[in-house]
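One structure is given below, encoded as structure tokens.
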Amino acid sequence: MTRFITRFAPSPTGRLHLGHAFSALTAFEAARAAGGTCLLRIEDIDQTRCRPEYEAGIYEDLAWLGLAWPAPVRRQSDHMDEYARALARLARQGLVYRCFKTRREIAEESARAPHHPGEGADALVYTGPAEPMSEAEEAERLARGEAFAWRLSLKACREALGARYDALEFVEAGEGPDGEHGVITARPDTLGDVILARKDAGTSYHLACVHDDALQGVTHVIRGQDLFFATHLHRLLQALMDWPVPVWRHHRLLTGADGKRFAKRDRSQTLQAMRQAGAAPDDVRRRAGL
Ligand code: GLU
């Protein structure tokens with residue numbers, strides 16, 4: 001049987017809700033059906049928003065749903081040095097640059113992405129500076145201790161990959177938000193020069209996630225359609241880092257009675273609240289449409 005490794009990779013920034021349950025059950029069920037494995041990974045690089053009690057809640061809720069995962073669970077905050085090394089590799093190739101701009105400056109200079117449902121108000125497409133910053137200015141800002149983020153330079157990526165840049169493809173075995181399916185040409189330009197290391201975190205969701213998928217041998221990335229657009233960038237990172245390329249299976253997002261997708265703020269929809277109100281795991285499956 002071909003190897004099948006997928007993962008459920010929540011961020012412990014709140015209790016899991018019905019949308020998470022749907023995502024977890026989808027990934028675990030796919031692994032079961034394929035005779036493979038579903039890993040659990042804790043994506044907690046944002047130390048200002050993540051809390052240990054939410055991580056504990058993830059284990060509690062998933063176990064209550066009847067799910068089991070291999071130990072040890074990878075917790076991203078324990079591996080920040082590995083993401084720094086990945087970033088350093090990109091830096092040595094001249095593929096990333098320091099960006100000192102504030103959020104407001106970026107917003108003023110950027111176009112808004114037509115639709116990146118997962119990135120909310122932050123879906124800004126920054127196409128990069130007209131001219132690279134001079135070494136003197138950069139040195140001066142560093143000396144002043146100004147904070148900076150590392151951004152991926154699409155211009156440099158294009159130069160590094162040559163004709164391969166426009167030929168990058170990925171396989172969507174599920175469905176993107178506009179019905180995208182099958183072999184898809186990666187268009188990282190739709191995301192612009194993305195931040196790979198945040199000013200406050202030293203890495204980013206994109207870098208840590210793609211790094212770990214490669215490290216953990218993930219063959220199938222199963223996740224919500226809100227992350228479909230990120231896949232264009234993830235495919236590029238895999239090409240730049242010579243990381244293996246998985247198959248993606250994006251699933252629809254669960255919506256509540258109001259037609260809106262579940263969010264952390266919907267406290268009543270947390271698995272904890274449902275359990276306390278007397279729900280059984282099968283009720284969750286039913287409410288998730290499974
Ligand atoms: N940690 C991400 C989230 O909570 C999911 C990452 C992924 O599945 O690629 O939405």
Side-chain angles (χ1 to χ4, degrees), residues 5-31 37-51 54-55 57-59 61-62 67 69 73-80 83 116-123 170-177 186 191 194-196 198 201 203-238 243-254 261-266 269-271:
I5 301 178
T6 186
R7 81 292 193 281
F8 175 57
S11 294
T13 55
R15 292 298 299 226
L16 298 184
H17 52 65
L18 205 50
H20 291 115
F22 178 69
S23 205
L25 289 166
T26 301
F28 277 88
E29 170 53 25
T37 306
C38 184
L39 305 171
L40 173 62
R41 185 167 74 222
I42 302 296
E43 299 209 327
D44 61 345
I45 58 163
D46 186 342
Q47 288 292 299
T48 58
R49 293 172 62 224
C50 293
R51 297 215 210 120
Y54 292 142
E55 183 182 328
I58 290 170
Y59 304 136
D61 293 341
L62 296 180
L67 303 173
W69 51 90
V73 169
R74 185 173 171 89
R75 183 191 293 120
Q76 291 189 327
S77 61
D78 293 337
H79 301 279
M80 299 303 268
Y83 311 129
H116 291 182
E119 307 199 13
D122 285 335
F170 62 91
V171 175
E172 173 59 61
E175 205 175 65
L191 292 137
V194 168
I195 291 179
L196 290 191
R198 292 160 38 157
T203 184
S204 66
Y205 152 66
H206 299 296
L207 185 60
C209 169
V210 180
H211 174 280
D212 285 358
D213 285 341
L215 181 82
Q216 298 188 287
V218 169
T219 59
H220 291 71
V221 172
I222 299 176
R223 61 183 178 195
Q225 283 174 347
D226 52 333
L227 290 164
F228 176 78
F229 293 98
T231 309
H232 293 267
L233 166 69
H234 295 180
R235 181 64 189 87
L236 172 60
L237 287 175
Q238 286 150 359
W243 283 334
V245 181
V247 167
W248 282 267
R249 206 187 279 182
H250 290 91
H251 60 70
R252 68 188 168 83
L253 297 176
L254 217 58
R261 53 185 283 222
F262 289 105
K264 302 241 151 101
R265 59 181 174 276
D266 304 328
Q269 305 293 344
T270 67
L271 301 183

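Counting starts at 1 for both ligands and their atoms, following the listed order.
- Looking at R223 and T231, their side chains do bring a donor and an acceptor atom within 3.5 Å of each other.
- Between F8 and ligand 1 there is no heavy-atom distance shorter than 4.0 Å.
- Contacts of S11 with ligand 1, taken as heavy-atom pairs under 4.0 Å, involve both backbone and side chain.
- Near Y205, the atoms of ligand 1 lying under 4.0 angstrom from a non-hydrogen atom of the residue are 6 (C), 7 (C), 9 (O).
- Residue contact check: C209 has heavy atoms under 4.0 Å from atoms 9 (O) of ligand 1.
- Applying the 4.0 Å criterion to heavy atoms of E43 picks out, from ligand 1, the atoms 1 (N), 2 (C), 5 (C), 6 (C).
- Looking at W69 and F28, their side chains come closer than 4.5 Å, going by heavy atoms from C-beta outward.
- Residue D226 does not touch ligand 1, judged by heavy-atom distances below 4.0 Å.
- For an aromatic pair to be called close, the ring centres must be under 6.0 Å apart, and H234 with Y205 satisfies this.
- Checking only distances, A9 does come within under 3.5 Å of ligand 1, N or O to N or O.
- Considering only residues two or more places apart in sequence or on other chains, A208 meets the side-chain contact (heavy atoms from CB on, under 4.5 Å) condition with I45, Q76, Y83, T203.
- For the atom pair NE2 (H250) and CG (D226), the distance works out to 8.0 Å, reported to the nearest 0.5 Å.
- Proximity of R41 to ligand 1 is not established, as no heavy-atom distance is less than 4.0 Å.
- Listed by number with element, the atoms of ligand 1 under 4.0 angstrom from any heavy atom of R7 are 7 (C), 8 (O), 9 (O).
- Ligand 1 places these atoms under 4.0 Å from at least one heavy atom of L227: 5 (C), 6 (C), 7 (C), 9 (O).
- Between F229 and H232, the angle of the ring planes stays under 30°, which puts this pair in the parallel group of the 30/60° scheme.
- The residue from R74, R7, R75 that alone fulfils the salt bridge (Lys or Arg N to Asp or Glu O under 4.0 Å) condition with D212 is R74.
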